[in-house]
Amino acid sequence: MFLDFMSEVEGILKEGLDRCGLSVSLENSLDLSPHADLSTTVAFRLSPALKKSPKDIAAEIYSSMGSPSRWVDRAELVGPYINFHMSRSFLDHVVLEAQGEDAWRGRMSGSVIVEHTSANPDGPLHVGHIRNSVIGDTIVRILRRAGYSVESQYYVNDMGRQTAMVVWGCDHLDLDDSKPDHAIARVYIAAHRIMNERPELSAEVDELMRRYESRDPETVEKFQRAAKYAISGIESTLHRMNIHHDSYKWESEFVWDGSVDEILDMLERTGRTVLKDGALQLDLSEEGFEKSLVLRRADGTTLYTTRDLAYHKWKAENYERVVEVLGADHKLVSAQLRTALRILGIKEPEVVIFEFVSLPDGSMSTRRGKFISADELLDEVEKQAYIEVTKRRPEMDEDFRKEVAGKVAVGAVRYDIVRVSADKATMFDWKAALDFEKLSAPFIQYSHARACSILKKAGDLDEFDPGLLRDDHEISLIKKIAEFDLVIDRAARELKPHQLATYARELAERFNLFYRYDPVLDAKPDELRNARLALVRASRNALSATLETLGIEAPESM
RNA sequence: GGACCCGUGGCUUAGCCAGGAUAUAGCACCGGGCUUCUAACCCGGGGGUCGCGGGUUCGAGUCCCGCCGGGUCCGCCA
């Protein structure tokens, strides 16, 4: 929709530039503006080279530009700016297109792998982990919406010391019958405590790790059973938040199938490795890293980084775009990893880094048992949501109120996370988490429910003429609906899901204004009623597509 | 000590990568709106030296340099 309008504007503008003999890239030279539907400031950029005032240049381009087209009504010259306005037929086209479900598919194609969450299987997800999950899952949904074929993947760190600690704990302590990931955490925390008191026992953990790496069958069974048990709990939390992974990739696979050895060979062949104190290291000082990267320990065992290089080689070979979501603590290792991949000539991943979520008294730690679990958060928010639904819809039965509370709770948690740019460090705050005001999912869900309610009461929709939708609220709503594809396109390119959250709020806002000022069911004459009904349906579709892409359910009534 | 990220009204936040026309919203505060399609809504008001100082530019919240404050990282851990 909007992208079609934009393409035509580009064409018209380009014609003007060509006729003036000017060549300038139109990339990023068109902006949304409060003064027009699209606006350009190219004249400013051309000014120094042409030694003419931006105003004169704009006037020259303007007078040579192509004529208005299907979707472009007119361009106007305002000083140094050239502003473009949508045509009536474009607005009509948007309303028509938005009647169907297939209006929301993007133009991109190709395969993408998105790795997210990938928390160690040593306990439940906490409120820090789910920032990764929500950002990751929203990116998955945005990329799918944009047209890509997307595989979402959980990378299981089964070869680390954490997992070995869990296995040792399961060997020596009893798992209680609480949710699997919580039971595993208790064993893991207890194992740490015991190791602190009796450090000599840590040799047993080392032995477990050694046996696992050498693929001792009995040890393999133990590790995988423990990890799978933890993951089953993690998975149920993710499912509750509408997050599903298409596949799980186990770190150990790359050691056992020879990929890690292959990577080590490749690295040695670059001539950039050195043997220092018996350990194989990659010197990255040329690339600006102080310390060299250790690839293989003196005792011959592999390291996380090396296994990760093998994993990335696999990703690069199987997908056109490689995306991963990582916490800020991984910035340095991720940069080193990308540098090593560059040296090897392997495609580097696009890394989305999110800053930390801290508690008022410091950062979270699974090992120390200091965290607020995602389950606890969801339970509390759901409880609060149930109170709110009951207050607002006391006449509805309990099943209804429970169902709505569940959808509102998940939506509120997801929206609260995704609305903030990933590079902002945040502080977890119960008060804010339990607040369902405007900057929150229920605001958007509510708009959707209102639209559904009107459509339900209206019954079947007759023929309609979108040309009758002419007042400010109608037009600004149509324009916002049109913007969906632009937002998806940008968010998919830049991997910034918070842009979609902002859009969702703006869309709901404009629908609410339309709802407030333009009666639909009682509109006279019937032709106007039908046109408005069509706009309600277009809005409902846009809201539901937006919510779906945010991983938030769109209740028809709430 | 070095590297990266952040600093926008009392609090939270968009805009910054690709510099342009009155700086985006929410919460809180003050005031108004339900015989009218769900008031989880809408309207009005007050509140901003865009951390500080330089620089580039016709023009800087946006780019560059320095500083200050906060976060994160700098293991033969993962």
Side-chain angles (χ1 to χ4, degrees), chain A residues 25 27-29 31 33-36 39-41 43-45 47-48 53-54 78-81 83 120 122 157 159-163 251 276-281 288-291 294-299 301-305 307-308 327-333 335-336 353-356 358 363 385 388-389 391-393 404 408 419-427 429 431-432 435-447 449-458 494 496 498-499 501-502 505-506 508-509 512-513 515-523 532-533 536 557-558:
Chain A
S25 162
E27 186 84 10
N28 303 319
S29 64
D31 300 302
S33 154
H35 310 279
S39 168
T40 184
T41 55
F44 286 107
R45 243 179 294 167
S47 173
S53 76
V78 182
Y81 304 94
N83 293 338
N120 287 325
D122 56 16
N157 300 138
M159 299 211 96
R161 196 170 188 86
Q162 283 93 331
T163 311
E251 189 185 9
K276 208 158 68 187
D277 306 324
L280 187 70
Q281 317 203 357
F289 294 100
E290 273 182 63
K291 300 194 174 147
V294 178
L295 303 167
R296 191 179 57 215
R297 292 192 187 91
D299 69 4
T301 55
T302 60
L303 284 111
Y304 176 84
T305 317
R307 302 189 288 264
D308 211 18
D329 52 340
H330 286 74
K331 267 189 233 180
L332 182 61
V333 278
Q336 289 172 324
I353 298 281
F354 67 93
E355 292 292 329
F356 263 52
S358 55
S363 57
E388 294 290 330
V389 188
K391 199 164 28 177
R392 293 163 211 271
R393 302 299 295 275
V404 171
V408 164
R419 53 174 255 265
V420 182
S421 157
D423 43 34
K424 224 101 167 179
T426 60
M427 177 87 82
D429 175 2
K431 193 170 165 287
D435 188 9
F436 304 127
E437 294 294 334
K438 192 175 192 175
L439 209 58
S440 174
F443 175 78
I444 303 147
Q445 292 172 312
Y446 184 63
S447 305
R450 278 176 145 184
C452 289
S453 169
I454 292 177
L455 293 170
K456 199 172 160 194
K457 288 187 176 158
E494 301 173 16
K496 297 206 165 144
H498 76 275
Q499 294 173 346
T502 304
R505 194 205 77 230
E506 291 168 354
E509 243 164 28
N512 283 334
L513 281 175
Y515 183 95
R516 162 71 178 77
Y517 291 102
D518 296 335
V520 177
L521 296 175
D522 294 335
R532 284 189 177 160
L533 269 175
V536 172
S557 175
M558 64 184 276

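Chain A is the first sequence line, chain B the second, and so forth, proteins listed ahead of strands; every chain is numbered from 1.
At least one donor-acceptor pair closer than 3.5 Å links the side chain of R297(A) to the backbone N or O of T302(A).
Nearest nucleotide to the side chain of N512(A), out of rC37(B), rC41(B), rA21(B): rC41(B).
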Every protein N/O within reach of nucleotides 14-16 of chain B N/O, cut-off under 3.5 Å:
{"from": "rA14(B)", "atom 1": "OP1", "to": "S421(A)", "atom 2": "N", "distance (Å)": "3.0"}
{"from": "rA14(B)", "atom 1": "OP2", "to": "K424(A)", "atom 2": "NZ", "distance (Å)": "2.6"}
{"from": "rG15(B)", "atom 1": "OP1", "to": "H498(A)", "atom 2": "NE2", "distance (Å)": "2.9"}

Distances under 3.5 Å between nitrogen or oxygen atoms of protein and nucleotides 22-25 of chain B:
{"from": "rA25(B)", "atom 1": "O2'", "to": "R505(A)", "atom 2": "NE", "distance (Å)": "3.2"}

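Side-chain atoms of D423(A) and S421(A) form a donor-acceptor pair, as typed in the model, at a separation below 3.5 Å. D31(A) and S39(A) share no side-chain donor-acceptor pair at under 3.5 Å.
Residues satisfying the side chain to side chain contact (heavy atoms under 4.5 Å, CB included) test with F443(A), not counting sequence neighbours, are K438(A), R505(A), A508(A), E509(A), N512(A). Residues that satisfy the side chain to side chain contact (heavy atoms under 4.5 Å, CB included) test with A449(A), not counting sequence neighbours, are M558(A). Looking at residues two or more places apart in sequence or on another chain, you find no side chain to side chain contact (heavy atoms under 4.5 Å, CB included) involving K456(A).
Rounded to whole Å, the separation between the P atoms of rG70(B) and rG54(B) comes to 23 Å. Only the C1' atoms considered, rU8(B) is 9 Å distant from rU13(B), to the nearest whole Å. rC27(B) and rU72(B) have their P atoms separated by 30 Å, with the value rounded to a whole Å. A gap of 12 Å separates the P atoms of rA39(B) and rC34(B), to the nearest Å. rG48(B) and rG10(B) are spaced 12 Å apart, taking the C1' atom of each and rounding to whole Å. With both ends at atom C1', the span from rG51(B) to rC6(B) equals 11 Å, rounded to whole Å.
In this structure, M427(A) places its CE atom 15 Å from C1' of rG7(B), rounding to the nearest Å.
Shown here is D522(A), whose CG atom has no more than 12 heavy atoms of other residues, nucleotides or ligands within 6.0 Å.
Residue contacts shown for I353(A) are absent, as no nucleic acid heavy atom lies under 4.0 Å away. Across all strands shown, T163(A) has no heavy atoms under 4.0 Å from either base or sugar-phosphate atoms.
Toward the 5′ end of RNA chain B lies the nearest nucleotide of R45(A), the other residue of the pair P442(A) and R45(A) mapping further downstream. Summary of the strand contacts: A449(A) and A36(A) both lie near RNA chain B, and taking for each the nucleotide with the nearest heavy atom, the more 5' one is attributed to A36(A).
Minimum interatomic distance between R307(A) and E251(A) (heavy atoms only, all atoms of both residues): NE-OE2, 2.6 Å.
If you check rG66(B) for Watson-Crick or wobble pairing at under 3.5 angstrom, you find it paired to rC52(B). The pairing partner recorded for rU24(B) is none, the criterion being a Watson-Crick or G-U wobble arrangement whose two distances lie under 3.5 angstrom. Base pairing analysis places rC77(B) opposite nothing; no Watson-Crick or G-U wobble pair with both distances below 3.5 Å involves it.
The base of rA40(B) does not come close enough to the side chain of D435(A) for any donor and acceptor atom to sit less than 3.5 Å apart.
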**Report entry** Where protein sits on nucleotides 71-78 of chain B, one letter per nucleotide: B base, S sugar-phosphate only, - none, heavy atoms under 4.0 Å
**Finding:** BSSSSBSB
